[in-house]
Amino acid sequence: LHIHRMNMGEDVLVGESLNLGLILTPFNFLTIGYNSYNIVPLYMRWNQKNIIDSNSLLTTIHKVENYATIGIELTPIQFNSMRWSILADLELESSESNVSDDTINNYSPLKLGSELKLGFLSLRGGYNYRNTSFGVSTRIEKFEIHYTFIMPSNSDYLDNRNSVGISLFL
């Protein structure tokens, strides 16, 4: 379950979505995953009444379509307190992947990344056609707290931004 909140100045957009995934580890150095995003579609809506000309707080301004990815993680270095991984994801379904001329938005379904785990701390870096990102996370029992700094590769995709998240492992 994802709860989304986007601040734009004093305006706030909110929304909820549901993702479902599967992870397979055939070898201790190889992980393969599949994830379906927005099984319950994500509808972003204004959080305040005064932003829209309506009495409803539930006015949708943006719908994020569902899509899926398949990924692979290779771990060439793994010790007790250190682990280095190389990751690649391929987007299988997306409204952007259906664009007839992919040169319009420089679309590429491939996403690359790397992660270095040092004890309870993880350092991450990633690249896709939209962004370059750097992040850090830590796991405390069944919770993982994430922070990411995201730099868009194109000024059409907003400014640099910060992302904070919490994961619960059941």
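As the structure is a computational prediction, the values presented were derived from the model and not from experiment. Heads up: numbering here begins at 1 and tracks the sequence.
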Task: Minimum side-chain heavy-atom gap Leu110-Leu112 below 4.5 Å - done: yes
TODO: State plainly whether one hydrophobic cluster holds both Leu30 and Leu24, where clusters connect Ile, Leu, Val, Met, Phe, Trp and Tyr through side-chain heavy atoms under 4.5 angstrom apart.
DONE: no
- [ ] Using side chain to side chain donor-acceptor pair (under 3.5 Å) as the criterion, list what pairs up with Thr25, not counting sequence neighbours.
- [x] none
Task: Sequence-distant partners of Thr132, side chain to side chain contact (heavy atoms under 4.5 Å, CB included), two or more places apart - done: Tyr127, Phe134, Met151
Task: For Ser85, the option from Glu115, Gln78, Lys117, Glu73 that meets side-chain hydrogen bond (donor to acceptor under 3.5 Å, both in side chains) - done: Glu73
Open item on the list: Using the rule that Ile, Leu, Val, Met, Phe, Trp and Tyr join whenever any side-chain heavy atoms are under 4.5 Å apart, tell me whether Phe27 and Leu22 fall into a single cluster.
Closed with: no
- [ ] With sequence neighbours excluded, tell me which residues meet side chain to side chain contact (heavy atoms under 4.5 Å, CB included) with Asn162.
- [x] Tyr147, Phe149
Task: Spatial distance of atom OG (Ser108) from atom CG (Asn128) [nearest 0.5 Å] - done: 8.5 Å
Open item on the list: How long is the straight-line distance from OG of Ser36 back to CG of Leu92, given to the nearest 0.5 Å?
Closed with: 9.5 Å
- [ ] Can you sort out the partners of Lys111 under salt bridge (Lys or Arg N to Asp or Glu O under 4.0 Å), two or more places apart, ordered by chain and number?
- [x] Glu91
Open item on the list: Can a donor-acceptor pair be found, under 3.5 Å and without considering hydrogens, that links the side chain of Thr138 to the backbone of Leu121?
Closed with: no
- [ ] Locate the shortest heavy-atom distance separating Ile32 from Pro26; write the atom from each residue and the value.
- [x] CD1-CG, 4.4 Å
TODO: Spell out, as yes or no, whether a donor-acceptor pair under 3.5 Å connects the side chain of Ser114 to the backbone of Ile86.
DONE: no
Task: Residues forming a side chain to side chain contact (heavy atoms under 4.5 Å, CB included) with Leu20, sequence neighbours excluded - done: Ile39
Open item on the list: Let me confirm one number: the CD1-CG distance from Ile72 to Leu87, rounded to the nearest 0.5 Å.
Closed with: 9.5 Å
- [ ] To the nearest 0.5 angstrom, please state how far the OG1 atom of Thr148 sits from the CG atom of Asn131.
- [x] 10.5 Å
Task: Pair Trp84-Thr75, side-chain donor/acceptor within less than 3.5 Å - done: no
Open item on the list: Please report the interatomic distance CG(Leu116) to OG(Ser122), rounded to the nearest 0.5 Å.
Closed with: 8.0 Å
TODO: Quick one: pull up CG in Asn35 and CD1 in Ile23 and give me the separation to the nearest 0.5 Å.
DONE: 8.5 Å
Task: Least distance between heavy atoms, Gly71 atom then Asp89 atom - done: CA-OD1, 3.3 Å
Open item on the list: Measuring only between side-chain heavy atoms, which start at C-beta, is Asn38 closer than 4.5 Å to Asn19?
Closed with: yes
Open item on the list: Which residues pass the side chain to side chain contact (heavy atoms under 4.5 Å, CB included) test with Glu144, not counting sequence neighbours?
Closed with: Arg124, Ser137, Arg139, His146, Ser167, Phe169
Open item on the list: Do Tyr34 and Thr69 have side chains that approach each other closer than 4.5 Å (heavy atoms only, starting at C-beta)?
Closed with: no
